[in-house]
Structure formats: C-alpha cells, structure tokens
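Okay, structure first, notes after.
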Amino acid sequence: MDITKIITPLNAAQRAAVTAPPGATLVLAGAGSGKTRVLVHRIAWQIQVAGLSPHAVLAVTFTNKAAKEMRSRLEDLLNLPAHALWIGTFHGLAHRLLRRHAERSGLPSTFQVMDSADQLRVIKRLLNTLGLDEAQWPAKQLQWHINAQKDAGVRARQGSDGNDPYQRQLLAVYRAYENICQRSGLVDFAELLLRAHELLRDHQDLLDFYQQRFQQVHVDEFQDTNTVQYAWLRLLTEGRGNLFVVGDDDQSIYGWRGAKIENIHLFRKHHPDHQLVKLEQNYRSTGTILKAANAVIGFNSGRIGKELWTQTGDGEAIALYAAFNELDEAYFVVERIRAWVAAGGSRSDIAILYRSNAQSRQFEEKLMASHIPYRVYGGLRFFDRAEIKTALAYLRLLVNRTDDTSFERVVNLPTRGIGASTLETVRHVAREHQLSLWAATETVIQQTRVSARAGQALKRFLNLINQLAEQARGLELFEQVKLVVEKSALLAFYQQDKADRGEEKAENLEELVNAAKLFDPYQNNEESLSELDLFLAYAALEAGEMQADDAADCVQLMTLHSAKGLEFKQVFLVGMEEGLFPSQQSVDDAGRLEEERRLCYVGITRAMRGLCLSYSESRRLYGRETHPRPSRFLKEIPPHLVQEVRLRANTRRPLPGFGVVQSSGQFKLGQRVRHEKFGKGVILQQEGEGAQERVQVSFQQVGVKWLMLAYAKLATDG
DNA sequence: CTCTACGAATTTTTT
DNA sequence: ATTCGTAGAG
C-alpha cells in the first residue's frame, strides 16, 4: 500500500478530490490544474487504498488519446499492467457492449461501425431512393438533424411531426435511415451511444450485472457529455451515485455538436450530496496569462465560478500585434518564431492557434519559405483517405455482405464495367424486395434482368468477393489485407493512375498492410471477435492515432478546438478579429458568443510563458477584401497586461492604394456612425476618393447599405 | 465512362 | 480563392 506515492505529489485541493468518499464527486478543474493527475490518482487510490478491484473500475474519456494517456499513467503509478480496468472512450466502450450483446441490442453479430463520411453517403443514397431533391434537402443538414436527434436520445418513432410538412419529411427520412442501417447492419457514432443506452435501459439483467460490476465510474471532460452519454452514466450508477466526474464549465466548446454544459448543473441536482472540489491552482502559465484568461472568461454569465492563480511570477507581458493584412501577420509571427529559435528555443514549444482551418495557409507558406519545419494538425487522417476507405470497404464486405455502403463504394472501383444503369437496376430490385444490394445482385443475375455483358460483370464481382473471403480464411490479418488490396486490383489501379497522385495512393495502400501488421488486437481485448473485425472497428473508431510522428522538432499549427488539453511555451493566437473570432455565425446569439469566449479562454490558457495575440486590419476572405474590427475579446483583456508591438516604421508600410484603403480621415473602418434616416450603424468598407468616396455601412435597423459620402449626411457616433 | 465546366458553399471535430 | 459536387459533352 504505497499511499505516499499517491498522495504526496498533490496539493490540498487535488488531495481532497482524490480522497473524497466514494459517493458522487464533481471536480471543477481549471485549465492546467492537474485534472488528469487527479483522475489517475483517484483511481489508484480506489484500488490501492480503498481496496477496490481493478475489475470494478470504469473510466470514460472522449478521445482515444486521453484514454491511452490515462491508462499509461495509471500503469506507471500502480506499476502493473492495467488490462483489467475498463478505460476507454464513450464510443469505444459502447461498441464493446454492443459487440458483447449484439443479439440483445438487436444487431447482427457482423455489424460494422460507420464514420460520418459513410453516414453521409448512406443519407445521400437514401435521398435518391426517396426521390428528394438534394437542393431542397441537403444531405449534410439531414445528417446533422439525425445525429442531433440521436444525441438527444430521440428515436424516429418517438419524434413528432407537429403537423408540419417539413417536420414530417424530416421524420420520414430519419425513419428510412434507421431502416437502412438496421437492414445493412451499419451503426453510426451516435447510434453506438444511443443503442448502448437502450441496451442497459431495456435489459434489467444486463443493467444489474454492469451496475454490480462497475463500483466506481470516472468521467473525464464531463462538460462535453451529451444527453445520451449522461443518461448512460446515470443508468450505470443509478441509486448509488458512484460517479466521479471531472470537468470545467469554462472549457465547454462543443455545444455545437450536442454537448450539454447543463449536464454539470444536472449532475449537481441529481446528486444533492455530491462533493464539490475546485482545482484553481494552475501549474502551467504565468500570472499575467492567467489574469488575462480570468478577465476574459469573467464576461460570461452563469458560470459556476473559478479563478485561476499561480505561485509562479507574472512573467512577461502579452504581446499584441496589429497587422496590415494577413500576409503581414504571418510575416510577423514567423519573425518572432525565428527569433525564438535563434535564442535557443525549440520549435515544438511553439503553437500557432487559429479559429478556422482556412487560416493555416498563410502561415504554412511563410514557414515554408523560411525553412522552418511545422506540422498542421487536423488534416485528413490516414483512415479517412479515399483509397484507404475503399480498401476497408472491401474488407467490410468480406465480413458482412449486407453492408450496402461498402458495396456501392467498391462495386465498380476499380472499374469493371458495372455502369450506372446496371446499378440502378440492382438498386431497384433491392428496394422492391427489401433486399441488400448483394442479395439483389444475385437476383438480378438469376433473372437476367440486365444485359449479358453486365450480368457477367456482376457475376465476376460477386465471385471476386466470395473468393477473397474464401482465401482470407485462416490467414494472418496483414495477409488478409494484402490479399484484398492486391486481388481486388486496387493496388494496380492506383499504380497505373498517373494523374491523381495515384502513386501516393498506392503507397498508402501498402501502408495499410503495414498498419495491419503492427495492429495489436491484444490491446483491444475482446476475445470473441476476429482480428479483422477488431481492425475494422479500430479503423472507424480510432482513425486519429496513426499520425504519431511527433519526433521531429516542429512548430505546431492547429485550431483552437484541437488545442484543448495541450500546452505550449509560446502561443500565437492569430486572427483576433470580429467575424473571424468570434466567428460571424456566433455574434448574434448570446449563448454561442459565450462559447466563443470560452474558446478564447482555452486558447489563452494553452500558453505557459509567452502569449502573442494578433489581428489584421485587412484580410482576404473568400476571395473578398474585408476590413474587420479587432476582436471584442482583445478589449476584454486588461490593458496593463498587454504590450502592443510595433515594427520599425519603415519595414512593412503598405504601398498606397495597395492592400489598405486610404481613409478620408473622418470615417474609419469600424467607426460607429449615425444617419438621420437609417439610424445607427458601423462602417464596413470604403472605396473611392473625393466626390466619389463611398462607404458601406451596416445599420442596426435597415441592414447593409452603400452610401456616397458627398450626399449622405453621416455623423460620427460615440 | 471520363473529362471539363460551371455553380454553390465556405466554424469548430471526435467518435 | 478554392474546393467540391454535379451536369453535360465527348
């Protein structure tokens, strides 16, 4: 019983959390306050001091990365392998439950997990089948709607049409989508969660079993849970409140995808006796950075309330740079990076954070030109690449012939003379007789409903899949993958394809074989499943884990969202402009604006020592020149914490008439104005000179208008 | 079936 | 600007 090892490294608040009594506990963990440490030490405490069996521990995270880190830190601390513990993501654990109890959850044992791209394809195909116009019923929107319903725990049969034709149609699509998935044995991400919830809800014996088994349930990033996830947690801990949750209401940035910050408040309501522990001592950032973060987040309402502090000193001031345009901004950032590296700093300590991915390019170009290695996060993941998905579709078809999505994907790739009209016949037969595309193809061949030539092609395809399945039997996983990649002629197809980076794609296919070789099914211990099943689930659920070449010393580029949970010595928070950050779509809605502000808080608190903010007075966006105002968040930082940076006057002056519009002096961009007829407004754009000078004004009452300055009686306001 | 052309959209992202 | 998807021609 090595209690000291568990307790000694903790501060008082952390210790209170780790040693809290077994009931419901809410740990409000500020950024950089040792959240993961508390979680890990809590579990270790339960096992080594409270005598809990490792078997009885459940720990749930959102990302595979977090799950992995928790497991490995736990192994370090306990000094033993942590197989026995159920540590995983919501989706991973749900998947595990559904596999174990496939029949009882109403799924075929061969069911496959779809990622969101697969899901979108299913919906698009469905729209075709239903004869709905894609322009009027955008597949993306329907996908969003269906997922939102599922995240909220609503099934199609529970939905109400409200006697509204639009709602009725949505409902019909949702219902049809459920049918298709059920028939094809396909499960999307939201479905994993919803079904896992229903499984426990509807089977008392299973619920009893798992309630009995999981004596302590731990949840990371609780503020990000959605309705179904919380409902599932409540089921598991019903009546006992053996739920230890860690979260931060100020870092809730996923409301737009169903996360319910309210779950924190519900938790407190549902568990009146809960322990509340606030972790406010920060071990990451300087005092200055924390003061800025506290000030900004203080503008939000309805917070539980928390103030970060540190024992470390104030450190250097926050730098602020006003760029002329986005190129100048990138130039400035790269100069600072160069100086940092020249002073002996390492590149991997630097992050450039932005609101949207589109902003990365300018920085990439300047970094490239300066020969500074960098890495952009959030690009296309390995398992998301088209050629990889195609190869996986072949594999899924081997496992499950009713997988229509995979069927559609590979039936004519590489091209084997199965054209659109042939496929239409197959789809028609499938619809008519409620068959899978595979079964429908067999029927079509039998009844010779297509030309002899097409029939032959179809027959060849069915034979190919059957033969592959036959030959794959008994082979090692990587040999199976290799077999499929080669015999499907996919590899040769891409090797021949000179035009579309075919060579690269062929290499990726070989890389897939390699990934299969390295795949360790033991890590995903689920005895009853074949290695191939596990590999396919891994590809769908853990696609992110492939890109782990962080060995090189690179500057890190990523969105604010992907920066959550990370820290860097030097952070550049760029594009601090109204309309960009906060994003245009959020400014009209108080709730969404607060989420943007939390995002800003997340960004600021990523910085350990240095924080540099920048905005641009002019920016090319969607091919148009815009003149945004500085972000409101900049004004929310106390000025005495900020040091505005000015480059030497002669270095980066823009040429007259180039980039920056000359101002008449009286009206600047962003200037608040008043018009006697239109009321109050803000200047958005300006062009022309002298008598021709006109300005674009956004009026509160009447919207955006162009006005000739010579005629319009505009007065400055405020 | 493949290639070109035109039009529309365009935060954030994990699973 | 750029990307992406569809429609129409070759």
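Within every chain, numbering begins at 1; the chains are lettered A, B, ... in the order of the sequence lines, protein sequences first and strands thereafter. Treat the numbers as computed from the prediction; the structure is a model and nothing was measured.
Summary of the strand contacts: Ser583(A) and Phe189(A) both lie near DNA chain B, and taking for each the nucleotide with the nearest heavy atom, the more 5' one is attributed to Ser583(A).
In terms of phosphate contacts, Tyr377(A) brings no side-chain nitrogen or oxygen within less than 4.0 Å of OP1 or OP2 of dT14(B). Side-chain nitrogen and oxygen atoms of Ser562(A) include at least one within less than 4.0 Å of the OP1 or OP2 phosphate oxygen of dT13(B). Contact annotation: Asn357(A) does not reach the phosphate of dT11(B) (side-chain N/O to OP1 or OP2, under 4.0 Å). The phosphate of dT11(B) has neither OP1 nor OP2 within less than 4.0 Å of any side-chain N or O from Arg592(A).
Within 3.5 Å, a donor on the side chain of Ser116(A) pairs with an acceptor on the base of dT15(B), or the reverse. Donor-acceptor pairing under 3.5 Å, judged by distance alone, is absent between the side chain of Ser356(A) and the base of dT11(B).
With ring centers used as reference points, Phe461(A) lies under 6.0 Å from Phe407(A). In summary, the aromatic rings of Phe581(A) and Tyr354(A) are positioned with their centroids too far apart to meet the 6.0 Å limit. Ring centers of His145(A) and Tyr177(A): at least 6.0 Å apart, outside the cut-off.
The existence of a salt bridge linking Glu424(A) and Arg427(A) is confirmed by a sub-4.0 Å separation between a basic side-chain nitrogen and an acidic carboxylate oxygen.
dC4(C) sits 16 Å from dT13(B) when the P atoms are compared, rounded to a whole Å. If you take atom C1' in dG5(C) and the same atom in dT12(B), they sit 23 Å apart, rounded to whole Å.
A side-chain donor-acceptor contact under 3.5 Å links Ser618(A) and Glu625(A).
Atom CE in Met558(A) sits roughly 11 Å away from atom P in dT14(B) (whole-Å rounding). Rounding to whole angstrom units, CH2 of residue Trp232(A) and P of dT15(B) are separated by 16 Å. One atom, CG of Asn147(A), and another, C1' of dT14(B), lie 12 Å apart when rounded to the nearest Å. Here the C1' atom of nucleotide dA9(B) and the CZ atom of Arg624(A) are 15 Å apart, to the nearest Å.
In this pair, Tyr254(A) does not lay its aromatic ring on the base of dT12(B); centres under 5.5 Å and planes under 30 degrees do not both hold.
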